[in-house]
Amino acid sequence: MNAVDLFKPDRVAAMGPGPLYMRLRRLLEEAIAAGVLKEGEALPTERDIADLADLSRVTVRRAVDDLVKQGRLIRRHGSGTFVAPSVSRVEQSLSLLTSFTEDMARRGLSARSEWLERVVVAPSPDEMMVLGLSVGDKVSRLERLRIADDVPMAIERASIIGAFLPDPQSVTESLYDALEKRSARPSRATQRISARNVDEREAALLKVAPGEAALYIERVSYLPNGRVIEFTRSIYRGDAYDFVAELKIPEH
């Protein structure tokens with residue numbers, strides 16, 4: 001289907017009730033879902049869409065903005081607006097203590113991070129309680145956006161006892177590799193997984209709509225001697241991650 005047919009005014013009008021921008025957004029969503037607009041395909045300019053659909057440019061801009069925020073479309077400066085690549089779901093075992101970098105490497109995906117924070121600070125009350133710290137102790141706090149094959153997958157906020165990681169700037173890719181070099185790699189962990197909705201900041205980083213469902217994970221990791229070393233809180237995209245656990249029948 002060409003752009004002239006896709007953006008006919010009567011097609012927009014047929015997209016149900018609501019403001020015109022919502023009807024155009026639904027039209028674009030359906031076209032993407034049906035493969036009429038294919039992954040990587042460029043959209044006509046907003047001016048052209050406005051002319052074809054007999055809409056104002058403000059209406060078109062609002063519809064496109066919504067889909068960009070949802071991660072369905074991507075704007076490339078100087079190039080235009082394109083259909084975003086689909087997100088492949090990733091399975092992660094709950095029985096293995098591995099880093100994000102290691103998980104993605106096993107799946108043949110290219111992993112990278114965008115650092116949001118790497119600081120040494122006084123611990124918060126939660127960090128003091130979980131990590132067993134006292135007044136005067138320090139914690140290395142690392143927050144980063146985790147990306148696989150250019151798709152934002154998770155926001156990870158790790159807190160490490162400062163004595164084991166005095167310079168968080170030394171972490172380049174894998175936190176566990178950095179800890180292993182200091183003979184402080186965790187050997188086991190406990191994780192608590194719950195459902196929640198992303199806020200405005202998290203949605204912008206993960207390129208999803210505010211309020212989208214996500215997985216919230218708290219992990220507490222231990223050294224072989226039983227000492228807690230890591231307290232990590234992460235937000236994983238609900239449309240990109242499946243956590244898998246192997247269950248066994250208890251022996252009698």
Side-chain angles (χ1 to χ4, degrees), residues 1-92 104 107-114 145-155 195 197-215 235-242:
M1 183 183 298
N2 60 37
V4 173
D5 291 331
L6 177 60
F7 294 110
K8 284 181 177 179
D10 60 337
R11 289 183 60 85
V12 177
M15 287 293 109
L20 288 173
Y21 84 90
M22 291 181 61
R23 299 184 191 187
L24 178 60
R25 187 183 68 196
R26 285 196 288 267
L27 176 64
L28 288 166
E29 287 172 335
E30 290 188 7
I32 293 170
V36 175
L37 291 174
K38 295 178 174 55
E39 182 177 316
E41 183 176 345
L43 265 65
T45 67
E46 291 176 6
R47 175 179 291 177
D48 288 343
I49 294 175
D51 290 342
L52 291 168
D54 195 20
L55 298 171
S56 72
R57 290 186 65 184
V58 172
T59 296
V60 175
R61 169 58 65 95
R62 187 166 181 184
V64 172
D65 281 348
D66 279 2
L67 293 176
V68 170
K69 289 177 183 176
Q70 292 175 23
R72 307 295 297 277
L73 298 175
I74 297 175
R75 278 200 182 97
R76 294 175 183 155
H77 184 67
S79 298
T81 303
F82 299 81
V83 178
S86 58
V87 178
S88 299
R89 297 189 71 86
V90 172
E91 286 190 359
Q92 180 174 331
M104 297 304 107
R107 292 166 175 79
L109 301 177
S110 174
R112 63 183 178 88
S113 299
E114 291 182 5
L145 179 65
R146 298 300 228 156
I147 300 167
D149 281 359
D150 293 327
V151 177
M153 301 289 279
I155 302 167
N197 303 105
V198 296
D199 60 25
E200 292 278 352
R201 175 179 180 268
E202 293 161 347
L205 290 169
L206 293 173
K207 298 191 183 303
V208 298
E212 282 285 305
L215 296 171
I235 298 289
Y236 286 83
R237 285 178 61 148
D239 64 345
Y241 252 88
D242 291 319

Could you tell me which residues satisfy salt bridge (charged side-chain N to carboxylate O under 4.0 Å, His left out) with E46, sequence neighbours excluded, listed by chain and number? R61, R75
Can you find a pair of side-chain heavy atoms, one from L52 and one from K8, that are under 4.5 Å apart? no
Once side chain to side chain donor-acceptor pair (under 3.5 Å) is applied, what residue pairs with a partner in residues 22-34 remain, sequence neighbours excluded? R25-D66
Would you mind reporting whether L24 and F7 have side-chain heavy atoms less than 4.5 Å apart? yes
If I compare all heavy atoms of L27 with all of L6, which pair ends up nearest, and what's the gap? CD2-O, 3.4 Å
Residue pair P152 / L145: nearest heavy atoms and the distance that separates them: CB-CD1, 4.2 Å
Residues in side chain to side chain donor-acceptor pair (under 3.5 Å) contact with T81, at least two apart in sequence or another chain: none
Provide the closest heavy-atom pair for E202 versus V198 in the form atom of the first, atom of the second, distance. OE1-CA, 3.3 Å
For G35, does its backbone N or O pair with a side-chain atom of K38 as donor and acceptor, under 3.5 Å? yes
With sequence neighbours left out, write down each residue that passes salt bridge (charged side-chain N to carboxylate O under 4.0 Å, His left out) with R57, or none if nothing qualifies. none
For residues R237 and V208, determine if any side-chain heavy atom of one lies less than 4.5 Å from a side-chain heavy atom of the other. yes
Any side-chain heavy atom of I49 sitting closer than 4.5 Å to one from L55? no
Supply the atom-to-atom distance I235 CD1 to R146 CZ, rounded to the nearest 0.5 angstrom. 15.0 Å
Do you know which two heavy atoms are closest between A154 and Y236, and how far apart they sit? CB-CD2, 3.6 Å
Residues forming a side-chain contact (heavy atoms from CB on, under 4.5 Å) with P9, sequence neighbours excluded: D54
How long is the straight-line distance from CG of L67 back to CZ of R62, given to the nearest 0.5 Å? 12.5 Å
If you round to the nearest 0.5 Å, how far is CD of E212 from CG of D199? 13.0 Å
With sequence neighbours left out, the residues meeting side chain to side chain donor-acceptor pair (under 3.5 Å) with D48 are T45
